[in-house]
Each structure stands twice: as C-alpha cells, then as structure tokens.
Amino acid sequence: MRSTSPGREWMAARGWQPFAFQRDVWRGVSEGRSGLLHATTGAGKTYAVWLGMLDALLQRHPPGRSAEPLRALWLTPMRALAADTTRALTQPLQDLAPNWTIGQRTGDTAAGERAKQDRRFPTVLVTTPESLSLMLTRENSRDELGAVEFVVVDEWHELIGSKRGVQAQLALARLRRFNPGLVTWGLSATLGNLEEAMKVLCGEAAQPSPVLVRGKIDKQLVIDTLIPPDPGKYSWAGHLGKRMQEPVVDEIARAEGTTLVFTNVRSQAEIWYQLLLEARPEWAGQIALHHGSLDRATREWVELGLKDGTLRAVVATSSLDLGVDFLPVERVLQIGSAKGVARIMQRAGRSGHAPGRASRLTLVPTNTMEIIEAAAARCAAYEGRIERRESPAKPLDVLVQHVVTIALGGGFTSDELFDEVRTAWAYRTLTREEFDWALTFCERGGESLAAYPDYHRIRRNDEGVWHVPDRGIARRHRMSVGTIVSDASMQVKYLSGGTLGTIEEGFIARLRKGDCFYFAGKLLEFVRVQEMAAYVRRATRNKGTVPTWSGSKMALSTELGDAVLEMMQTAAAGRYPHPELQAARPMLETQARLSRIPTPLTVLVESLRSREGQHLYIHPFAGRHVHLGLASLLAWRLARDRPNTFSISVNDYGFELVSAEPFDLAPVRDKGIFATGDLLHDVLDSLNSSELAQRRFREIARVAGLVFAGYPGQPKSMRQLQASSGLFYEVFRKYDRGNLLLSQAEQEVLSQELEILRLRSTMERIRERELVLVELRHPSPMSLPLMVERFREKLTTEQLSTRLDRILRDMERDTR
DNA sequence: GACCTGCTGCGGCCTG
C-alpha cells in the first residue's frame with residue numbers, strides 16, 4: 001500500500017512547509033468535499049488543490065501499468081493561463097504518477113494533439129469552459145467524461161458574474177450527473193460574497209457540504225496617489241490625465257524594475273504610450289503597449305518582455321489584469337478612476353509578486369474629483385470593502401445553447417435534463433414552463449420560425465430521447481459554442497504584409513484614404529479596405545487621431561461611491577487628514593463657498609439659470625448607470641407634468657438635467673419625484689428601452705444560436721449580423737410576443753445597463769436623506785464637469801398628435 | 001474654470 005500522502009511528501013522533499021490553508025484544502029479533498037479556496041497569491045493556491053487532488057486520486061487508483069481514463073479537469077478562463085498551469089501541474093504528476101498523462105485542450109491545441117486526445121483523453125486535462133462545452137457535444141461524451149472525479153475552476157471570480165460562468169455551471173451539472181461523487185474546487189481572488197460564490201460553483205445541494213478556505217497570506221498592500229504638482233489648479237473635469245505626463249514619466253524613470261501603467265480604455269493606452277515616448281524619445285524599444293485589440297504575437301512579445309524584465313514600462317488595459325505572474329514588476333500605476341475596490345486590489349497585486357514583498361499601487365487622478373476618490377479608494381481597500389459578484393439569473397439563451405449541446409452529446413430525456421439543469425445555481429428557480437419553452441424553441445424555433453428547418457435543431461425519437469438529427473446543424477452549433485459575443489471588427493494590416501491587430505468597423509468607416517491614426521503605438525496612414533481588412537502603411541506625417549473602440553461602460557461601484565461620499569463628509573466637517581484631501585482642498589472649499597459639499601446624510605441638489613436655460617444637478621454618487629436611469633426618469637416625470645425637453649448629462653458622481661424652459665422644482669424639493677412606486681414602468685417608458693433591448697438582443701441571438709457568425713476566416717460583417725438579429729427581434733415582437741428571449745433582453749437591460757436594484761435603493765436613500773437645494777449663481781466645481789460632458793441625449797415628450805402620427809405610420813408599415 | 005473616455009475573455013468547417 002502506498003503512503004497516505006505522496007503529495008505532502010513531494011512538498012516536503014522540496015523543503016516546502018505547507019501553509020495552513022493548504023492543509024485545510026487537503027483535509028476537505030480527502031473527505032470528498034468540494035469547496036472554494038480564496039487566497040491572494042500565486043503557486044500556493046495551485047499546489048494546495050493540485051497535490052490534494054493527486055493524493056486522493058492516487059488513493060483511489062494506485063498507479064499501475066494500464067492507462068487511466070480522464071480523471072481530472074482544470075478549467076481556466078484564459079488560454080495563456082492554461083499553458084502556464086499545465087507547466088506547473090506537470091512536474092508533480094510525473095513524479096507521483098509516472099504512467100498518468102496530462103494534456104491541454106483549448107482553441108490553440110494543434111490538430112495532431114487534438115486528434116490524439118480524441119482517440120484517448122489524458123488522465124488530467126487543462127481546458128477552458130468553452131472547450132469543456134465542446135467536449136459535451138461529442139456523441140460519446142458520457143464515456144469520455146464519466147470517469148472525471150475532480151474539477152478545479154481557476155479564477156472563479158472572473159467567471160462567476162458572466163454567462164461564461166453560467167455555461168460552466170451547466171457543464172458541471174452535467175459532469176455531476178455522470179458522476180454524482182464529483183468533487184469541485186474553485187480558486188478565487190477577493191470577492192465580497194465568497195460564501196455565495198462557493199454555492200454557485202458547487203451547486204446548492206452539494207453533499208457533503210462544501211468548505212470555504214480562506215488562505216491567509218500576509219501580503220502588505222500599499223496604495224498611494226500621485227498628486228499633481230499644482231493641485232489647486234488641477235482640472236475639475238477630463239479623464240485623460242495628460243497633465244500628469246511629467247510626474248508619471250518621473251515615476252517610471254525612478255523605478256528600479258518594470259512599471260505597469262494601467263489605463264481604463266484602449267484609446268487611452270495608445271495616447272499614454274505616445275505621451276511617454278514624446279517625453280522620453282530614448283525610451284523607444286524599452287516601453288511597450290498591451291491591449292485586447294493588438295495582434296496576439298505582439299502581446300505575447302510584450303508578456304515575454306515582462307517576464308524577462310527587459311521592459312522599462314508597459315501601458316496596458318485590463319488585458320494584463322489576469323494571467324501570468326510577472327515577477328519583475330516593481331511599480332503599478334493606475335491612470336484614472338479604477339471604478340471599484342476589487343479592481344484596485346487586483347491591479348495592486350500585479351506588483352511585488354514575491355513572498356515578503358508589498359504590493360504597491362499608485363493612483364494617478366485625471367481630475368480633482370479623482371484625487372478625492374483616490375483617498376477614498378485607499379481607505380475602502382484597506383478596510384476590505386470588496387464588491388460582490390452575482391451569477392446571472394437563468395439566462396435562457398445559455399440554456400438553449402446547452403440544450404442543443406446535450407442533445408448532440410448523446411441526447412437526453414426532458415425530465416432528466418430539467419432536474420439536472422435545476423441543480424445549476426443560475427437555474428435553481430427555473431420553472432418547468434420555462435424549460436419546456438426552451439425545449440420547444442430548440443425543436444422548432446418557437447411560434448414564428450416553424451417554417452424554417454434551420455431552426456428545427458433537436459428532435460425526439462421513439463424512446464423519448466432528444467437528439468440533433470442534422471449534421472449541418474450539429475456543425476454550426478459546435479462552431480458557435482460559447483457566450484462571448486464580440487462586435488465585428490476589422491484586421492489592421494500593412495500593405496507589405498503583417499497584421500497589427502483589430503479595430504472596429506465603425507472607426508474604419510469614418511476614415512478616408514490618407515487619414516492618419518495611432519494604433520499599436522505607431523502612426524499609420526489608412527490606405528483602403530479590402531476583404532474585411534483595413535490596409536495601412538507607416539505614416540510620414542506626424543499627427544493622427546486615436547481610434548476609439550465601443551465597449552460597455554464601467555460604472556463606479558457602490559462600495560467606492562460610498563467611500564467617496566464619506567471622504568466628502570470629512571472635508572465638509574473641515575478636516576483634511578489625507579494628502580489627497582489637502583490637494584483637493586481648494587476645489588472643495590470653492591464647492592463649499594459656491595454651494596455645499598455633499599455628504600452621506602444629505603442629497604445635494606443644485607440649480608442654475610444660464611443662457612441655455614435651467615440646469616438641475618443632483619449628486620447621488622451611485623455610478624453612471626444609475627445616474628443615467630435616474631436622470632431619464634426624472635426628466636420623464638417632470639415632462640409628464642408639463643411638456644418639456646431636457647438634455648441629460650451623467651458621470652459617476654451625479655447628473656445634470658437642462659431645459660430651455662424653466663421647470664417647477666417643487667416635485668424635487670418635496671421628493672415626490674423620487675417615488676419608487678411604478679418604478680419599473682416609468683423607467684422603461686422614460687428610456688428608449690426597446691432600442692436598448694434590441695441591442696441586447698444581438699448578443700442573445702448569437703448565444704441562443706439564432707444568428708451564425710460565419711465560418712472562421714470568413715466572418716460576416718457587423719452589418720449583416722446586426723441585420724439578422726434585428727430581423728429576429730422584429731419577427732418575435734410581431735408574431736411571437738411570448739418569446740422568452742425577448743423578455744430576457746429586457747431583463748438584461750434593466751439589471752445590467754440600468755442596475756435597477758441599485759437605482760431603486762438610490763432613490764430610497766434620497767428620500768430618507770435631507771435634501772439640500774442650492775441656487776447656484778455660477779457652476780460649482782461638481783456641476784461643471786457635468787456641464788462639460790453633456791450628452792447630446794435629449795428626451796422629448798411628444799405632443800399627443802405627433803405620437804399618434806407615429807403610431808399610425810408604424811401601423812401602416814406593419815400591415816403593408 | 002477650457003478640459004478627448006469606454007475593458008476583458010473563447011471557439012470553430014469544408015475536403016476524401
């Protein structure tokens with residue numbers, strides 16, 4: 001018989017003392033319990049789970065001569081991590097179980113290796129959620145995956161909040177059906193709701209009950225702020241932070257090792273890369289750029305440079321948030337608001353990646369409010385006020401995809417699959433009606449698509465087993481597995497050959513021949529578009545624009561917003577205990593003089609008359625999504641009482657309403673306008689909610705398999721994809737009102753784009769607090785940025801007649 | 001007291 005703990009001996013042989021959390025994990029695993037391991041850093045986490053698993057597996061299946069089936073899966077959210085992980089896991093496996101094999105399977109896996117795996121899977125497989133789903137589409141998936149006893153999900157905090165995480169939940173439910181004794185472990189960074197994250201991963205009904213292990217590694221965290229040289233004159237608005245060019249350059253020059261410079265968006269990364277080069281041309285070749293639109297080869301080159309420590313600085317977006325642990329990173333700078341406490345800690349963790357070294361993050365504010373926010377962010381991070389991440393609630397598009405996946409992967413009977421799906425956390429409240437709807441939708445495309453065979457994806461045979469009868473459908477399904485939907489973009493290529501990366505079609509469409517733009521850190525001249533690629537050459541001129549990519553809009557988190565308000569309170573009380581507050585003091589004092597400083601106990605409402613008309617400013621500090629919803633709602637309610645047209649402007653701290661006509665402030669003063677009754681109805685009416693929902697629906701149509709994005713190498717253009725998803729949206733609205741994918745689109749708009757729950761609680765807070773109404777004579781420091789960033793967005797209450805006109809026109813068009 | 005925003009991630013065929 002083998003010793004009880006080869007894993008521990010393996011560690012001991014290397015002189016490694018196990019951490020307390022590693023022992024906790026091993027105990028849990030040996031008892032056959034699932035769990036979640038939360039720890040801040042590196043290899044300790046990986047080995048804790050891996051050695052425990054190996055011990056348990058070797059107990060059950062002592063190494064012998066014969067090959068083992070696939071016993072363990074290791075899921076990572078990134079291909080690059082899969083490669084690193086495989087490397088890390090290999091050594092212990094070879095030492096402890098020489099006849100076991102380990103492999104990696106992602107989209108990168110070479111054809112030869114893939115074919116080999118198809119004949120026989122290795123004992124341990126490192127893969128992604130998407131590749132796991134693909135494995136579930138294989139006819140004999142039960143044979144191939146039925147012997148899996150362990151699953152580890154790395155970086156679970158990255159997946160839990162997204163449909164990718166839901167897809168992983170469904171796949172895990174499937175594996176548990178194959179093997180009820182499956183043991184699942186998650187590895188997670190800091191999260192505000194770890195207990196819940198564990199339940200989402202392990203399933204609510206997990207037996208024996210899962211264990212949450214908190215790895216306590218004393219990692220010192222240092223957060224400080226780069227304060228502008230003349231803070232009293234620092235700009236009140238703006239997000240680029242160009243004025244911090246010299247201070248940032250000085251910081252980089254002073255640092256011993258590599259500095260990571262994080263920006264929030266890709267265009268800003270391009271701009272900052274240029275700013276650094278402009279200040280220090282001699283740094284060419286020593287600094288680099290990294291973001292999600294750059295060519296993969298370029299990115300890999302940069303990552304290599306980071307590992308080797310050969311680069312002085314890298315300007316990056318969240319593309320470097322995850323992934324490889326870059327030892328030589330000395331300093332991390334964050335330009336502009338980090339938006340959330342968890343993000344701050346994540347980014348700080350990129351530095352000092354060695355035992356005993358502190359993680360240090362330096363915040364670089366781009367306007368005066370962000371100086372205050374920096375102090376608030378530090379306090380919140382030190383107090384561990386971390387944001388929660390919630391699993392999406394029963395997204396039916398993901399379910400529809402999964403139903404087809406399982407129909408392909410050996411088939412299912414409805415009762416069984418219903419029970420199985422309900423064990424996944426996201427679908428724990430799924431009703432039989434909803435499930436049956438999804439089934440029918442897969443069977444014949446719902447009410448409206450019955451005439452189109454392409455949407456008759458599954459069929460029930462005489463034994464009641466659902467399967468996919470058509471090979472073409474099967475192929476297209478396998479090609480569209482996954483929940484990541486990206487906008488169509490074009491490759492950027494040199495005329496002479498060589499790919500630089502991708503830019504969205506929209507930006508390219510605005511360029512004319514000869515226009516110059518910065519991309520991938522180079523100044524390029526646009527030549528022509530040909531076969532879905534934009535051709536460029538190096539520009540000879542020296543001025544260009546910077547492409548902007550359209551992405552989703554990050555909002556300030558509740559935790560960080562509250563922390564900023566508390567910081568304002570301190571200032572309102574005349575105390576300036578932080579260097580940041582000192583720096584912002586002139587602005588705060590001006591705010592106090594012209595208006596009032598907002599606090600957690602009050603709601604500051606400012607009104608101003610100008611040539612433009614009447615302005616109303618409210619500062620709830622609830623993030624831009626909530627502010628947009630609230631502003632639209634208020635405009636709508638004000639205009640309902642008296643027809644009026646408002647312009648709206650929002651940022652993360654507050655919002656502005658402007659109208660040419662004066663309006664009655666009484667409903668604001670008496671807070672009647674913040675009533676939460678009928679909130680849902682009013683919000684939907686106040687926004688162009690159907691357009692928002694239609695945009696959402698594009699993603700849903702792709703995930704649910706209604707829209708096929710084209711074969712690899714010949715993608716369809718954005719316009720084609722938009723047109724087809726728009727068509728489905730219209731068809732469903734007209735002929736299939738009960739289509740649950742439509743309501744899902746509306747729900748997603750409400751929960752994700754408007755953060756309806758947060759909106760409601762913000763309104764309740766406003767009603768509870770003392771409302772301070774100030775008549776401004778000049779724009780205050782807090783209102784000015786809103787005035788500056790004014791959206792063009794307008795909300796009109798139409799006269800009844802025009803509305804009638806439009807309804808009649810629509811009716812005509814629809815009946816044509 | 002003028003003032004540039006908009007992230008990340010995966011996967012895949014046809015062919016004899």
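Letters A, B, ... mirror the listed sequences (proteins, then strands); counts begin at 1.
Note: CD1 (Ile335(A)) to P (dC7(B)) measures 16 Å, nearest angstrom. Rounded to a whole Å, the CZ atom of Arg299(A) is 9 Å from the C1' atom of dG9(B). Counting to the nearest Å, the P atom of dT8(B) and the CD atom of Gln346(A) are 14 Å from each other. Rounded to an integer number of Å, the gap from CD of Gln268(A) to C1' of dC3(B) is 14 Å. In this structure, the OH atom of Tyr273(A) is 21 Å from the C1' atom of dC4(B), given to the nearest Å. When the P atom of dC14(B) is taken as reference, atom CE of Met479(A) falls 8 Å away, rounded to whole Å. Whole-Å rounding puts the Trp272(A) CH2 to dT5(B) C1' distance at 14 Å. Across the protein-nucleic acid pair, Asp118(A) atom CG and dG12(B) atom P stand 11 Å apart, rounded to whole Å.
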Start with the C-alpha gap between Gln167(A) and Val481(A), add the side-chain angles, then the distance that decides, and say whether side-chain contact (heavy atoms from CB on, under 4.5 Å) holds.
CA-CA 10 Å; Gln167(A) 186 162 44; Val481(A) 160; 4.0 Å; yes
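Side-chain nitrogen and oxygen atoms of Arg624(A) include none within less than 4.0 Å of the OP1 or OP2 phosphate oxygen of dT5(B). Contact annotation: Arg475(A) does not reach the phosphate of dC13(B) (side-chain N/O to OP1 or OP2, under 4.0 Å). A close approach under 4.0 Å does occur between a side-chain nitrogen or oxygen of Ser131(A) and OP1 or OP2 of dG11(B). Taking only side-chain nitrogens and oxygens, Arg266(A) never comes nearer than 4.0 Å to OP1 or OP2 of dT5(B). In terms of phosphate contacts, Thr128(A) brings a side-chain nitrogen or oxygen within less than 4.0 Å of OP1 or OP2 of dG11(B). Proximity of Arg114(A) to the phosphate of dG12(B): a side-chain N or O atom is located under 4.0 Å from OP1 or OP2.
Evaluated for a side chain to side chain contact (heavy atoms under 4.5 Å, CB included) with Trp236(A), the options Met587(A), Met782(A), Gln591(A) yield exactly one hit, Met587(A).
Within 4.0 Å (heavy atoms only), Thr106(A) reaches sugar-phosphate atoms of the nucleic acid but no base atom. Counting any heavy atom pair closer than 4.0 Å across all strands shown, Leu159(A) reaches no nucleic acid atom. Counting non-hydrogen atoms under 4.0 angstrom, Gly292(A) reaches the backbone sugars and phosphates but no base. Contact annotation for Ser162(A): no contact, since no heavy-atom pair falls under 4.0 Å across all strands. Looking at heavy-atom distances under 4.0 Å, Lys163(A) makes no contact with the nucleic acid at all. No contact: Phe262(A) has no heavy atom under 4.0 Å from any strand. In this structure, Ser235(A) reaches the bases: a heavy-atom distance under 4.0 Å links it to at least one base atom across the strands shown.
Checking dC7(B), dG1(B), dG9(B) against every side-chain atom of Met554(A), the shortest atom distance belongs to dC7(B).
Annotated as syn: dC13(B), whose glycosidic dihedral is within 90° of 0.
At distances below 3.5 Å, not a single donor-acceptor pair connects side-chain atoms of Ser595(A) with backbone N or O atoms of Ala592(A).
Atom CZ of Arg696(A) is surrounded by more than 12 heavy atoms from other residues, nucleotides or ligands within 6.0 Å.
Applying the salt bridge (Lys or Arg N to Asp or Glu O under 4.0 Å) test to pairs two or more places apart or on separate chains, those with a residue in residues 472-484 of chain A are Asp454(A)-Arg476(A).
Using a 4.0 Å cut-off between charged side-chain N and carboxylate O, Arg596(A) and Glu606(A) make no salt bridge.
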